**Q** 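One structure coming up, written as structure tokens, with questions to follow.
Here the structure is a predicted model, which is why all the values come from computation and not from measurement. Values reported hereafter were calculated over all heavy atoms of this structure, with side chains retained and with hydrogens, waters and symmetry mates removed. Note on naming: letters A, B, ... go to the chains in the order of the sequence lines (proteins, then strands), and numbering restarts at 1 for each one.
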2 protein chains.
Amino acid sequence: MRLTTKGRFAVTAMLDIALNEVTKPVTLAGISERQDISLSYLEQLFSRLRKQGLVSSVRGPGGGYRLAKPAAEISVSCIIAAVDELIDATQCGGTENCHDEGQCMTHDLWASLNVKILDYLSGVSLADLVDNQRKKEAGLPASAIQFSPRKTKISEICA
Amino acid sequence: MRLTTKGRFAVTAMLDIALNEVTKPVTLAGISERQDISLSYLEQLFSRLRKQGLVSSVRGPGGGYRLAKPAAEISVSCIIAAVDELIDATQCGGTENCHDEGQCMTHDLWASLNVKILDYLSGVSLADLVDNQRKKEAGLPASAIQFSPRKTKISEICA
DNA sequence: ATAATAACCTAGTATTTTAGTCAATTATTA
DNA sequence: TAATAATTGACTAAAATACTAGGTTATTAT
């Protein structure tokens, strides 16, 4: 399963576009500055995002990137899948040949975890993130995304 | 967030013990052979599992490892946390300083994803996995763990 | 006693992935 | 036509992952 800064950067960058594309296309140089992500790295990520049809590009002065679809129609899972290739918590990538010829004993576990993660990320759209961010900036509590303050230290995970 | 083969190996190895510890402690050499995991790698993993109090060890001939608690009291999240140190989908590891001085725009998203994953893995115990495996071997459908056959190809993730 | 067993420990290494740099080229527009 | 900004490809540093090697220590069966 792939949930790296690559995917995080991509989501952040897409959110930056969603927030700033009101008048003009958004340049990678702008995103780079605002979000503190290397320009060249962004170029690599956007090459994939464009190929997956998530953004459209305009070259030359005044150019940049726009969302190719309405923000409400772009899910987080979609963005991560575009840059990270495969969201998969199983060893085998769905081939079900994790151990010898058959499934490994924990295949079902990872497969169902996979579905859980995917379900969640599929349910969150860029529009949700925009909403959340706007509310945050206005000093309101975030609501679109259910935020839980629970910590994740080992001591708290194990009873 | 860390969901690597390390954690998968650890869960598989723990499950192997749960299935085989009926009479004697289970040796790493046995696990290595049955699960096709390098012995030395297992030793490293079990060093951590032991330090976290998940297994107890017996040295010498006839020795090996046993679960330190009933299988029903050992959750998958606990095992993964023991070997992978930290389950965390956020960039900052919970410090909330992901971007400059404040939270990055997607902090809430990763934080809540984190909770989702953790909730799920906390709810699955080794006993559940044993059940599932026994049913599988008996040719019955798995029930303890809800298995979904849904695929996770990019084309299916994005509408 | 002692030889076999199996945990335990430390250090190192190969491979892969991540995250990034560098240097160009191409299209567009002011 | 000069500046802009996407586009491309090749290359690199650092980290993490997944191991290997070689020992030591404790225990037990003989």
**Q** Tell me every residue that passes side-chain hydrogen bond (donor to acceptor under 3.5 Å, both in side chains) with A:Ser125, counting only those two or more places apart in sequence or in another chain.
**A** A:Asp128
**Q** Using the test side-chain hydrogen bond (donor to acceptor under 3.5 Å, both in side chains), find all partners of A:Ser47 that sit at least two apart in sequence or belong to another chain.
**A** A:Lys51
**Q** To the nearest 0.5 Å, tell me how far A:Met14 CE sits from A:Leu54 CG.
**A** 5.0 Å
**Q** Any ring-ring contact (aromatic ring centres under 6.0 Å, His included) pairs touching residues 10-36 of chain B, not counting sequence neighbours?
**A** none
**Q** Between A:Lys24 (NZ) and D:dT4 (P), how many Å, whole number?
**A** 12 Å
**Q** Please tell me if A:Tyr41 has a side-chain N or O lying less than 4.0 Å from either OP1 or OP2 of C:dC22.
**A** no
**Q** With sequence neighbours left out, write down each residue that passes side-chain contact (heavy atoms from CB on, under 4.5 Å) with B:Leu45, or none if nothing qualifies.
**A** B:Lys6, B:Phe9, B:Val83
**Q** Would you mind classifying the nucleic acid contact of B:Phe46 as base, sugar-phosphate or nothing, using non-hydrogen atoms under 4.0 angstrom?
**A** nothing
**Q** C:dA7, C:dG20, D:dT8: which one has an atom nearest the side-chain heavy atoms of A:Phe9?
**A** C:dG20
**Q** Which nucleotides of nucleotides 21-30 of chain D have their base under 4.0 Å from a protein heavy atom (B), which only their sugar-phosphate (S), and which neither (-), written as one string 5' to 3'?
**A** B---BBBB--
**Q** As a test of reading the structure: which of D:dA6, C:dC9, D:dT8 is closest to the side chain of B:Ser47, going by heavy atoms?
**A** C:dC9
**Q** Tell me whether the OP1 or OP2 atom of C:dT5 has a side-chain N or O from B:Thr27 closer than 4.0 Å.
**A** no
**Q** Given that A:Gly7 and B:Ser57 both sit by DNA chain C, which one's nearest nucleotide is further toward the 5' end?
**A** B:Ser57
**Q** Roughly how many Å is it from CD1 in B:Ile37 to P in D:dT17, rounded to a whole number?
**A** 16 Å
**Q** According to the side-chain hydrogen bond (donor to acceptor under 3.5 Å, both in side chains) rule, which pairs have a member within residues 20-31 of chain A, sequence neighbours left out?
**A** A:Asp16-A:Asn20
**Q** Can you tell me if B:Arg50 touches the phosphate of C:dA7, counting only side-chain N or O atoms and a distance under 4.0 Å to OP1 or OP2?
**A** no
**Q** What's the closest nucleotide to the B:Lys6 side chain, out of C:dC8, C:dT18, D:dT17?
**A** D:dT17
